[in-house]
Amino acid sequence: MKTTMGEKIKDMRVERHMTTKQLAQATGISEPVLNGLENDLGRDVGYSRIVDLARFFDVPTDYLLGFTESRITKNIELKELGLSDKAIEVLLAKRQDNELVSQLIEHGEFSNLINAIDIYVKQLAAKSINTINNLTAVMQRGVENYAAGAGMPEGYGAAMNYINETKVDEDEFLRYRITEHFNQILRDVYADNNAKAQEQVPPIIADTNDMTAHMIDVLDMVKAGTAQIETPDDAVQLMIERMGVTEQDMIKLCDWFLDDSECNDADDNGDDNIE
């Protein structure tokens, strides 16, 4: 959700532990004007004052004016990000949710995820893992030689199985690490967006979910013999009673799924002429 210019100014002022009086002294903008801006009442404020505030807080004017939610666009060159032209084109095309991309990047585990991927694709751990596996093979061969000379000791099979389990499969191990980091990020991002997702669900969807649940209840009642239904209208009436809604509420649900003409065919009686 985008913040207003007033909210941005107030947030930045509070971050610097400043009062509006102190900000007025620092920028040369009167305190009443600043109060009006922070309360989004200063719509006629001159552009020069916005420039002064942007300069003081070291943010782009586009940030204050709502054209971007980034405070650092003014101070960074795209080349500093190390992104390829193709990557920049993908982000600019917005074929994906860039806000979600930002949430993934901002997560504390993102750096660990990228580092794990880097180690995997560049095979940086290959030599270390091979060294571990070679040492394990030496240990295994030593146990085998001892068993060949001294006879099969008790627990030999269990010991060999244990040694085999210590061998590391580079591909399996690193992909597991990558998956674990990614799953942690997804779980946290899901939790952060859960409340927002619930708010964005249209009420009609929630009503529809309730309706389907009651449909299942009605069918279970019929199957168990606790409800007698002879016609479809009987089923609808029973469901309406269980939901505690009116026929008008049901019509609204119907309107959402179908055209009004389809929902109200029964009321039209095929008469399209109005005198």
Those residues that, when tested against [X], pass salt bridge (Lys or Arg N to Asp or Glu O under 4.0 Å) (two or more places apart):
{"X": "Asp217", "result": "Arg242"}
{"X": "Lys8", "result": "Glu69"}
{"X": "Arg177", "result": "none"}

Exam field: side chain Asn39 to backbone Asn35, donor-acceptor pair closer than 3.5 Å |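 Yes, because the side chain of Asn39 sits within donor-acceptor range (under 3.5 Å) of the backbone of Asn35.
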Quick one: side chain to side chain donor-acceptor pair (under 3.5 Å) partners of [X], sequence neighbours excluded?
{"X": "Arg49", "value": "none"}
{"X": "Gln103", "value": "Asn193"}
{"X": "Asn98", "value": "Gln96"}

Same cluster or not: are [X] and [Y] linked, directly or through other Ile, Leu, Val, Met, Phe, Trp or Tyr residues, by side-chain heavy atoms under 4.5 angstrom apart?
{"X": "Phe182", "Y": "Leu100", "value": "yes"}
{"X": "Tyr176", "Y": "Ile185", "value": "no"}
{"X": "Val90", "Y": "Ile88", "value": "no"}
{"X": "Tyr47", "Y": "Leu37", "value": "yes"}

Atom [atom1] of [X] and atom [atom2] of [Y]: how far apart are they, to the nearest 0.5 Å?
{"X": "Thr4", "Y": "Glu7", "atom1": "OG1", "atom2": "CD", "result": "3.5 Å"}
{"X": "Lys86", "Y": "Leu91", "atom1": "NZ", "atom2": "CG", "result": "11.5 Å"}
{"X": "Arg175", "Y": "Glu180", "atom1": "CZ", "atom2": "CD", "result": "13.0 Å"}
{"X": "Thr20", "Y": "Leu34", "atom1": "OG1", "atom2": "CG", "result": "7.0 Å"}

Which heavy atom of [X] sits nearest to which heavy atom of [Y], and what is that distance?
{"X": "His17", "Y": "Gln22", "answer": "O-OE1, 3.8 Å"}
{"X": "Ala54", "Y": "Pro60", "answer": "CB-C, 4.2 Å"}
{"X": "Val59", "Y": "Met12", "answer": "CG1-SD, 3.8 Å"}
{"X": "Met5", "Y": "Ile50", "answer": "SD-CD1, 4.1 Å"}
{"X": "Asp40", "Y": "Gly6", "answer": "OD1-N, 2.9 Å"}

Not counting sequence neighbours, which residues clear side chain to side chain contact (heavy atoms under 4.5 Å, CB included) with [X]? List them please.
{"X": "Thr179", "answer": "Asn183"}
{"X": "Ser48", "answer": "none"}
{"X": "Phe56", "answer": "Arg16, Met18, Leu23, Ala26, Thr27"}
{"X": "Ser102", "answer": "Glu106"}

Provide the full list of salt bridge (charged side-chain N to carboxylate O under 4.0 Å, His left out) pairs with a residue in residues 87-98, sequence neighbours left out, each pair given once.
->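 Not a single pair qualifies under salt bridge (charged side-chain N to carboxylate O under 4.0 Å, His left out).
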Salt bridge (charged side-chain N to carboxylate O under 4.0 Å, His left out) assessment of Lys223 paired with Asp220 | CA-CA 5 Å; Lys223 183 178 180 180; Asp220 288 342; over 6 Å; no
Validation: residues 112-122 side-chain donor-acceptor distances under 3.5 Å, sequence neighbours left out:
from   : atom 1 : to     : atom 2 : distance (Å)
Asn112 : ND2    : Glu109 : OE2    : 3.3
Asn115 : ND2    : Ser111 : O      : 3.1
Asp118 : OD1    : Lys122 : NZ     : 3.0
Tyr120 : OH     : Asp171 : OD1    : 2.4

